[in-house]
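Working notes, beginning with the structure itself.
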There are 2 protein chains.
Amino acid sequence: MPAKSVSTPPFSAALRAVGLKATVARGRVLEVLHAALQPASHGEIEARLAAAASPLDRVTLYRVLDSLVTAGLALKAVDARGVFRFSAAQTGVAHQRHAHFRCEDCGGVFCLDAPPPAAPSLPDGFRLHGAELDLHGTCARCGDAGGGHPA
Amino acid sequence: MPAKSVSTPPFSAALRAVGLKATVARGRVLEVLHAALQPASHGEIEARLAAAASPLDRVTLYRVLDSLVTAGLALKAVDARGVFRFSAAQTGVAHQRHAHFRCEDCGGVFCLDAPPPAAPSLPDGFRLHGAELDLHGTCARCGDAGGGHPA
DNA sequence: CGAATAAACGCAACACAGTTGCATTCCATG
DNA sequence: CATGGAATGCAACTGTGTTGCGTTTATTCG
Ligand SMILES: [Mn+2]
Ligand SMILES: [Mn+2]
Ligand SMILES: [Zn+2]
Ligand SMILES: [Zn+2]
């Protein structure tokens, strides 16, 4: 058996592909994000890591999430309570090129196949960095049952 | 001169019309909300009240804002940073009919005269509550000088 | 492989937004 | 006016996210 090295963290290739160091913390967080059914808050991710016997320091988790978002491997959105929620970015999907639907109840972000909106002209001195069509309401899951937030 | 009573708080009629006690605190907050050019955060409202020589306790302001929102006299929304912003609910004026520009530096929100985006079709079970064209970048003031946040 | 280096990690302390409990004050009603 | 219930102010608290700094670890290179 080749037993290649001692252990390679999951998602090492994806991490290095975007210029990030392939650390165990980032691998575990990406695992949690990919296994999640809904966008997860910092606290939820922290709890799932602890439940999986790989607890992570609070601050480290904040920094890991920030690095993943900056690198484009995760999405960050604020839910109706003002709490940030994170989800795995689909590999290969450029998130500037389509609209997103945001569930006001669970904070979930769903990619839609809609064309990018045409940017209107701005007042003098304003510089445009991006434009997104922000659709919001309730997603199928939250509309179904009486609602309530994910674990 | 009739000098009617000692002083009637502003917006007394509007407050009583929605079943709220007409208190000075609520009147002053409504004044600030109506004078505001953009949705204001709790801290901004607090500062403007203090600047107008009618400071209000932090907690009281939270409760006043909550009562105004519940009664329908104010609107509450969370901005991209996860901070709640409040605005006067202008009777009749539809605030959803235009696009907004959000300054990534100072957090300011500016109303633009842009046509409402056409909503695309959604997956099954999704319910649309609203759609906004979210433009972001740097505003004229933050682009000018080296930046910095508003007071 | 082993050393060097820069990034990432863990811990403590901090900052900011929002909430809760309770005693005091004030608006509305009669 | 008197009165009762709602609103206010103050203190303490919680939740979420940030900063500083010493230690550890992933990567590079000899
Ligand atoms: Mn997307
Ligand atoms: Mn507007
Ligand atoms: Zn939902
Ligand atoms: Zn600005």
Side-chain angles (χ1 to χ4, degrees), chain A residues 4-30 39-47 49-50 54-71 73 76-86 107 149, chain B residues 5-30 39-47 49-50 54-71 73 76-86 107 149-150:
Chain A
K4 61 162 184 183
S5 343
V6 184
S7 69
T8 306
F11 293 96
S12 294
L15 286 165
R16 283 190 269 259
V18 294
L20 289 181
K21 275 189 172 179
T23 68
V24 267
R26 286 183 180 140
R28 297 261 186 248
V29 172
L30 275 179
S41 68
H42 170 278
E44 289 167 7
I45 298 169
E46 189 184 11
L49 289 168
S54 53
L56 197 57
D57 179 74
R58 261 171 43 79
V59 177
T60 300
L61 177 53
Y62 275 115
R63 294 199 264 234
V64 162
L65 288 169
D66 185 57
S67 72
L68 295 179
V69 169
T70 300
L73 294 178
K76 178 183 185 178
V78 67
D79 71 11
R81 286 185 180 74
V83 177
F84 292 118
R85 289 183 173 270
F86 301 86
H149 285 248
Chain B
S5 28
V6 184
S7 68
T8 304
F11 293 97
S12 295
L15 285 165
R16 283 190 270 259
V18 294
L20 290 181
K21 276 190 174 179
T23 68
V24 265
R26 285 181 182 143
R28 297 259 186 249
V29 172
L30 275 180
S41 67
H42 172 278
E44 289 168 6
I45 298 169
E46 188 184 13
L49 289 169
S54 52
L56 197 57
D57 179 75
R58 261 171 42 81
V59 177
T60 300
L61 177 54
Y62 274 115
R63 296 199 265 232
V64 162
L65 288 168
D66 185 57
S67 71
L68 295 178
V69 168
T70 300
L73 294 178
K76 178 182 185 179
V78 66
D79 71 11
R81 290 188 169 80
V83 177
F84 292 118
R85 289 186 173 269
F86 302 86
H149 287 245

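Letters A, B, ... mirror the listed sequences (proteins, then strands); counts begin at 1. Please read all numbers here as calculations on a predicted model, not as lab measurements.
- Put simply, OH on A/Y62 is 16 Å from P on C/dC11, counting in whole angstrom units.
- With rounding to whole Å, A/F11 atom CZ is found 18 Å from D/dA26 atom P.
- Proximity note for A/V59 (side chain, C-beta onward) versus C/dC11, D/dA7, C/dC9: the nearest is C/dC11.
- Distances shorter than 4.0 Å separate none of the side-chain N or O atoms of A/R63 from OP1 or OP2 on C/dG10.
- Take the nearest nucleotide of DNA chain C for B/G82 and for A/P55: the residue whose nucleotide is more 5' is A/P55.
- With D/dG17, D/dT27, C/dC11 as the candidates, the nucleotide lying closest to the side chain of A/D57 is C/dC11.
- Taking every heavy atom of both residues into account, A/I45 and A/A40 meet most closely at CG1-CB, 3.6 Å.
- The cationic atom of A/K76 (NZ for Lys, CZ for Arg) lies less than 6.0 Å from the six-membered ring centre of A/F84 and within 45° of the ring axis.
- Heavy atoms of A/T23 sit under 4.0 angstrom from primed sugar atoms or phosphate atoms, though from no base atom.
- Checking A/R58 against B/L20, the closest nucleotide of DNA chain C that is more toward the 5' end is the one next to A/R58.
- For the pair A/T70 (side chain) and A/D66 (backbone), a donor-acceptor distance under 3.5 Å is present.
- Considering only side-chain N and O atoms, A/R26 lies under 4.0 angstrom from the phosphate OP1 or OP2 of C/dA8.
- Using a 4.5 Å heavy-atom threshold, the side chains of B/S54 and B/L49 count as touching.
- In this structure, the CD1 atom of A/I45 is 10 Å from the P atom of D/dG17, given to the nearest Å.
- Note on A/S41: every side-chain N or O is 4.0 Å or more away from OP1 and OP2 of D/dT16.
- Atom CD of B/E44 is separated from atom P of C/dG18 by 11 Å (rounded to the nearest Å).
- With axes fitted over five pairs at each extremity, the angle between the ends of the helix from C/dC1-D/dG30 to C/dG30-D/dC1 is 40° (10° resolution).
- Taking the side chain as every heavy atom from C-beta outward, A/P10 and A/L30 never approach each other to under 4.5 Å.
- A sub-4.0 Å separation between OP1 or OP2 of C/dA28 and a side-chain N or O of B/R16 is present.
- B/L61 places its CG atom 15 Å from the C1' atom of D/dC10, with the value rounded to the nearest Å.
- In this structure, B/F84 places its CZ atom 18 Å from P of C/dC16, rounding to the nearest Å.
- Atom CD of B/E46 and atom C1' of D/dG9 are 13 Å apart (whole Å).
- For the pair A/L49 CG and C/dC9 P, the computed distance is 12 Å after rounding to whole Å.
- In plain terms, the two heavy atoms of B/R85 and B/S41 that are nearest each other are NH1-N, 3.7 Å.
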Next on the checklist: Run the side chain to side chain contact (heavy atoms under 4.5 Å, CB included) test on B/L65 and B/H42 for me, step by step, so that the C-alpha distance in whole Å, both residues' side-chain angles and the decisive distance to 0.1 Å come before the verdict.
Outcome noted: CA-CA 8 Å; B/L65 288 168; B/H42 172 278; 4.3 Å; yes
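- Within the 4.5 Å cutoff, side-chain heavy atoms of A/L68 are placed close to those of A/L15.
- In this structure, the nucleotide among C/dC9, C/dA8, D/dG9 sitting nearest to the side chain of A/K21 is C/dA8.
- Comparing C/dA28, C/dA12, D/dG17 by their nearest atom to the side chain of A/H42 picks out D/dG17.
- Which of D/dG17, C/dG18, D/dA26 sits closest to the side chain of A/V24 comes down to D/dA26.
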